[in-house]
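Just so you know, ligand 1 is whichever comes first in the structure, and atom 1 is the first atom listed for that ligand. As the structure is a prediction and not an experimental result, all values here were calculated from the model. In this chain, residues are counted from 1 in sequence order.
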Amino acid sequence: MFCIKAGRLEGKFAAPPSKPYSQRLLLASALAEGETVIRGVEWSDDFTAMFRAVQPLARLYCEGGVVKASRREPDFYRSFNVMESGFTLRTAVAVYAGVPGITAVYYGGTLKGRPIDELVEALRRLTAVEKTAGAIVVEGRRLEEFDVEIRADISSQYISGLMYLAAHVGRGIVRPVGERKSWSFVEATAEVLKKFGAHVELGETIEVEGPLRSPRAVDVPSDFSLAAFLVVAGVATGGHVELLGTLAEVDKWAIDVFRQMGADITIDNGIMRVGGVFTRGVDVDLGRNPDLVMPVALAAAMVEEESAIRGVDHLRYKESDRVATVLDVLRRLGVEVRYDKGAIYIRGPPTKREVAFQTHGDHRIGLMALAAAKIVGGCVDDLTPVAKSWPSSILYFKG
Ligand SMILES: O=C(O)C1=C[C@@H](OP(=O)(O)O)[C@@H](O)[C@H](O)C1
Ligand SMILES: C=C(OP(=O)(O)O)C(=O)O
């Protein structure tokens, strides 16, 4: 049990480093020609998962938050545990299909109940892939150019995995089928592959052409989906919060969502200053950016006007069923909330104080609970999950 007193969140904080970018940069560095220095890494469980996954084909050195990576002759037999990292599981299974040799990718915890079968089916058109209890075994081949269809409405990481495979083997075409969920993360993959010299076209189909070449040194950008918890806690407690760092593209447009709700956010010389009061509800579709649902829902819980957060049905495939667990956090706050046809409707403000929150084994629900506890006071049952994306978060909220 971790308890927090209600009170103003005040201070100057380093914005949290982006987990999705740190993982993408490490994977690209491990496949690229030449050494890459990656600066500003936070050793989250998911980054560690990617570090394990690339070890059989990369030379790796680390010192604090700096990692140096370059490709090497891959081991023929390789096995590693990606723990609960969906991105690492889905990209590793795809990439190793194009690396001659045999790979056993172990996975566990909440990831055991999350989707992977559609990617396994798509890869079986290229090579042998066996799914057993808790592991996937991939027979890697020297693949030529490939052309595959894959469902786009379950996880964008299937597509990101196939894009990395294409860059690695030389060329590939990926045909997304159905609604394009979490699409901003496909764009983030394209952005990183292009930084490493690949040619990427995102259209009706996706075309990727390698090879990957190191840009020599890269900085991990900051993550707005995580920083947003500090923004919400700062605004909701009337505190003054300053965040230092350059935000990654993927979720940063959502600053305007918080502004629409009444937050006063300015960015000047890489410093984000946060103030204002949440006074208005919002009607927003977060289907392209699912990780923003938790902080936006918490901000919406502060205002009386009803908010609608749409496009959230695929949140059921995350570390927890986030449709259910976001509703759980809000109900514990005494907020009116309902889910209907892919949308969450929220009407605040909180009517409860000193609340007992549950993380349900999910890091983003844990972070939402930490920010909520700073606002109304309360306790979080288990902090372990937050190490998946932002282990240092507890230091920001401890206060
Ligand atoms: O590619 C990525 O790094 C991610 C993609 C999204 O998942 P899905 O594509 O499975 O929705 C997102 O929710 C996750 O936190 C990170
Ligand atoms: C769903 C997430 O990550 P992953 O899919 O990589 O496990 C997340 O960080 O919320």
Check each atom of ligand 2 against the heavy atoms of [X] and keep those under 4.0 Å away; list them by number with element.
X    : value
Q157 : 4 (P), 5 (O), 6 (O)
R364 : 8 (C), 9 (O), 10 (O)
E84  : 7 (O)
R322 : 8 (C), 10 (O)
G86  : 4 (P), 5 (O), 6 (O), 7 (O)

[atom]: which protein heavy atom is closest, and how many Å away?
atom                   : result
atom 1 (C) of ligand 2 : E319 OE1, 3.2 Å
atom 6 (O) of ligand 2 : F87 N, 2.9 Å
atom 3 (O) of ligand 2 : K19 NZ, 3.2 Å
atom 5 (O) of ligand 2 : R114 NH2, 2.7 Å

S85: heavy atom below 4.0 Å from ligand 2, yes or no? yes
Below 4.0 Å from ligand 2: does a non-hydrogen atom of M83 turn up there or not? no
Look at the side chain of R213 and the backbone N and O of G34, then say whether any donor-acceptor pair between them is shorter than 3.5 Å. no
Side chains of [X] and [Y]: donor-acceptor distance under 3.5 Å anywhere?
X    : Y    : answer
Q23  : S85  : yes
D46  : S44  : no
R364 : S225 : yes

Below 30° counts as parallel, above 60° as perpendicular, anything between as tilted: where do the rings of F397 and W390 land? perpendicular
Please check whether Q23 reaches ligand 2 - meaning an N/O of the residue sits under 3.5 Å from an N/O of the ligand, judged on distance alone. no
Test the R141-F146 pair against the cation-pi criterion, namely NZ or CZ under 6.0 angstrom from the six-membered ring centroid and within 45° of the ring axis. no
Where the closest heavy atom to atom 8 (C) of ligand 2 is concerned, which of K388, H363, K318 has it? H363
Those residues with a heavy-atom separation under 4.0 Å from ligand 1 are P20, R24, F87, R90, S155, S156, Q157, S182, F185, P290, D291, H314, K318, R364
Considering residues at least two apart in sequence or located in another chain, which fulfil the ring-ring contact (aromatic ring centres under 6.0 Å, His included) criterion with F2? none
